[in-house]
Amino acid sequence: MTKLLTSLTVINKIIGDAPFLFEGSFSDGVTYAKRLGYDCVEIHASSSDELKSPELVSALEKQQMRISALGTGRLYVNTGLSLTAPDAAVRAEAIRQLKEFIDAARQFHCLVILGCIRGNIPDLASRPSVLRLLGESMKELDQYAMAHRVTMVFEPINRYENNYLCNTYEIADFLRKNNLQNIKMMIDTFHMNIEERDIRQSILDNCADIAYVHFADSNRWYPGMGHLDFHMILETLLSTGYNGVISAECLPLPTKEEASVNWLSSVKELFD
Ligand code: LER
Ligand code: MN
């Protein structure tokens, strides 16, 4: 029986086919996650202002729950902010808003996720300059995170959503080359199934950087509904000494309620 903690993804509004499981106020999400038996919530806010909520703080206290991580993808999806935008003012605004997420993460003692806010590469020729811009933006965030003792986690995302830094080795290489200290890596089994040559080997080779995990099956449904071998994945993570959180980021199907309940029962079964 493992002692890994579970976390439920919470967002104000699920737009399109976004892989989140609770839709509503963050405080209601905390109460709901607790009632289902989750240990934590992973909150995807559109701005850090949404996190300045006395109701959220009191729900966390009352339910004895904590926030595992703050997602930042809404900044990119809702407002187009990106760490590699050609316009320096847009990059600066992305960094400014991410620093506010770091401030919130310091208060909640949680991680900050960096995913699609990396932006995309418009064409092959601009790859080196985009990587350079990303390195510069990330270094500024890394220094701020270090000063505030917050860890950020950078997520490899599959090629159909982001067209660079799609696998674990590329992320690890990027972190090393830019000498980023307070930015680790997180993994998402759905993306790994598309991008990794060998999921087990990728976890073993990159375990020193892995600080957070999303579990979704090959079709992005909850574990058990696709063809991923979660026994092997969990065993491999445990063999590396991973003792962080496993978070429920999967499609809200067949309904968000069923996905939330079934994700947890599948994962608890694996834990046992
Ligand atoms: C994006 O596909 C993803 O996996 C998320 O973690 C972003 O919020
Ligand atoms: Mn993910």
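Below, each value reflects all heavy atoms present in this structure, side chains not excepted, and no hydrogens, waters or symmetry copies. Atoms within each ligand, like the ligands themselves, are counted from 1 in listed order.
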Atoms of ligand 1 under 4.0 Å from any heavy atom of D188, numbered from 1 in the order shown, are 4 (O)
Would you mind running through ligand 1 and noting each atom that sits below 4.0 Å from a heavy atom of H214? 6 (O)
Quick one: the OD2 of D188, the Mn ion (ligand 2), ND1 of H214 angle, rounded to 10°, please. 100°
To check your reading of the site, what angle at the Mn ion (ligand 2) do OE1 of E249 and OE2 of E155 form, to 10°? 170°
So that I can tick it off, tell me whether [Y] and [X] are bridged by a salt bridge, with the cut-off set at under 4.0 angstrom between side-chain N and carboxylate O.
| X | Y | value |
| --- | --- | --- |
| R220 | E161 | yes |
| D209 | R176 | yes |
| E136 | R91 | no |
| D173 | K177 | yes |

Sub-4.0 Å heavy-atom approach of H44 to ligand 1: yes
How long is the straight-line distance from CD of E93 back to CG of L75, given to the nearest 0.5 Å? 9.0 Å
List the steps, then state whether salt bridge (charged side-chain N to carboxylate O under 4.0 Å, His left out) holds for D142 with K139. CA-CA 5 Å; D142 188 45; K139 271 184 209 157; over 6 Å; no
Can you tell me which residue and heavy atom of the protein come closest to [atom], and the distance to 0.1 Å?
| atom | value |
| --- | --- |
| atom 5 (C) of ligand 1 | E249 OE2, 2.8 Å |
| atom 2 (O) of ligand 1 | E161 OE1, 2.5 Å |
| atom 6 (O) of ligand 1 | E155 OE1, 2.6 Å |
| atom 4 (O) of ligand 1 | H191 NE2, 2.7 Å |

Which segment of R220 sits under 4.0 Å of ligand 1 when only heavy atoms are counted: side chain
Look at atom CZ of R149 and say whether more than 12 heavy atoms of other residues, nucleotides or ligands are closer to it than 6.0 Å. no
